[in-house]
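Read the structure below first, then the notes.
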Amino acid sequence: MLKIVVCVSGGGTNLQAILDAVDAGKITNTEVIAVISNNAGAKALERAKAHGIPGILMSPKSYPDRESFNHAFTDKMCELAPDLIVLAGFLVKIPEDMVEKFGGRIVNIHPSLIPSFCGVGYYGLKVHEEALRRGVKITGATVHFVNEGMDEGPIIAQKAVAVEEGDTPEILQRRVMEQAEWLLLPQAIDDIANGRLTVEEGHVYRKA
Ligand code: GRF
């Protein structure tokens with residue numbers, strides 16, 4: 001059984017996609033043991049509560065400095081001892097110590113086709129605003145392993161989504177969520193839970 005902790009900051013639609021996929025049997029051998037958020041008002045915490053999953057608030061604002069937050073966050077994660085950490089719209093940088101301790105067992109969903117529109121400053125709506133400003137015809141989402149960089153870890157899977165005439169950032173974000181994120185992340189978790197992924201020299205391979 002793959003024990004996962006999901007880290008969230010906002011609406012939690014990716015968390016909901018995971019929970020729904022577990023309930024529907026589309027993700028097997030997996031249990032969400034906790035949800036961590038830096039945002040007390042995150043709707044994602046309500047989604048966790050509605051599912052009977054412990055919600056844990058871990059906010060940098062509750063600590064005197066970032067170093068003490070990082071220690072507390074990493075200690076809590078070690079206490080929970082998940083097999084996999086899933087970042088689903090989590091807007092806090094993962095402490096280097098946590099990346100080291102959970103190396104290769106942290107995944108993130110990013111709302112673009114990495115290496116486009118990613119890295120520092122590219123999160124949430126900003127990603128789609130930039131895609132529209134640049135005039136790309138195709139965007140999408142990427143699920144990847146997390147390393148010490150920002151959106152730089154080995155890519156697990158990607159899915160393309162068309163940009164349509166008249167798209168606003170909000171319309172495009174919703175389409176990327178519906179057509180890509182909510183499919184890619186559950187599939188990646190199921191693949192990890194069932195041993196279908198291998199990483200060789202920084203590239204991810206999936207056994208059917
Ligand atoms: C999603 O667009 C996700 O790709 C990005 O932040 C947003 C979070 O959405 N990382 P939600 O909280 O999962 O609804």
Side-chain angles (χ1 to χ4, degrees), residues 4-23 26-27 30 32 34-51 53 55-59 84-94 99 106-134 136 138-147 149-164 167-190:
I4 66 175
V5 168
V6 184
C7 297
V8 296
S9 295
T13 63
N14 278 284
L15 168 67
Q16 193 64 54
I18 295 166
L19 298 176
D20 293 347
V22 170
D23 288 350
K26 290 180 182 171
I27 296 179
T30 298
V32 180
V35 171
I36 293 178
S37 181
N38 62 306
N39 171 11
K43 187 161 185 281
L45 287 174
E46 294 170 29
R47 295 177 190 269
K49 188 175 180 183
H51 231 76
I53 296 168
I56 301 165
L57 183 60
M58 285 299 294
S59 170
L84 182 71
I85 300 169
V86 177
L87 309 183
F90 191 57
L91 300 179
V92 174
K93 182 155 176 40
I94 301 302
V99 175
I106 309 173
V107 298
N108 179 51
I109 182 80
H110 182 77
S112 76
L113 296 176
I114 289 175
S116 296
F117 311 120
C118 66
V120 176
Y122 285 100
Y123 56 89
L125 269 184
K126 289 178 184 285
V127 174
H128 306 293
E129 288 166 358
E130 191 56 23
L132 290 171
R133 189 195 64 77
R134 185 65 185 79
V136 297
I138 297 290
T139 187
T142 302
V143 59
H144 64 95
F145 285 111
V146 172
N147 64 10
M150 179 75 80
D151 302 330
E152 294 174 356
I155 290 173
I156 296 169
Q158 297 185 298
K159 194 167 187 300
V161 175
V163 179
E164 296 179 8
D167 272 351
T168 63
E170 291 77 7
I171 291 171
L172 183 55
Q173 178 180 52
R174 183 76 190 185
R175 188 179 308 120
V176 169
M177 284 178 169
E178 288 175 349
Q179 296 185 5
E181 296 179 40
W182 299 345
L183 303 174
L184 284 173
L185 193 51
Q187 180 64 61
I189 293 168
D190 187 54

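Counting convention: from 1, in listed order, for ligands and their atoms alike.
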List of N/O pairs, ligand 1 versus protein, all under 3.5 Å?
residue	atom	partner	partner atom	Å
ligand 1	2 (O)	E181	OE1	3.4
ligand 1	2 (O)	E181	OE2	3.3
ligand 1	4 (O)	E181	OE1	2.6
ligand 1	4 (O)	E181	OE2	3.2
ligand 1	12 (O)	G11	N	3.3
ligand 1	12 (O)	G12	N	2.8
ligand 1	13 (O)	T13	N	3.4
ligand 1	13 (O)	N14	N	2.9
ligand 1	13 (O)	N14	ND2	2.9
ligand 1	14 (O)	G12	N	3.3
ligand 1	14 (O)	T13	N	2.8
ligand 1	14 (O)	T13	OG1	2.6

Quiz item: Taking only residues two or more places apart in sequence, or in another chain, which ones meet E178 in a side chain to side chain donor-acceptor pair (under 3.5 Å)?
Solution: R174

Practice problem: For S37, check side chain to side chain donor-acceptor pair (under 3.5 Å) against everything at least two apart and list the hits. | Solution: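 So S37 forms no side chain to side chain donor-acceptor pair (under 3.5 Å) with any residue.
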
Quiz item: In terms of side-chain geometry, is the basic nitrogen of D20 or K26 positioned less than 4.0 Å from the acidic oxygen of its partner?
Solution: no

Quiz item: Do K49 and E46 meet the salt-bridge criterion of a basic N to acidic O distance under 4.0 Å?
Solution: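 A salt bridge is absent here (no side-chain N lies under 4.0 Å from a carboxylate O).
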
Quiz prompt | 4.5 Å side-chain heavy-atom contact, D167 and L132 | solution = yes

Could you give the side-chain donor-acceptor pairs of residues 180-189 under 3.5 Å, partners two or more places apart or in another chain?
residue	atom	partner	partner atom	Å
E181	OE1	N14	ND2	2.9
W182	NE1	T13	OG1	3.0
Q187	NE2	D191	OD1	2.9

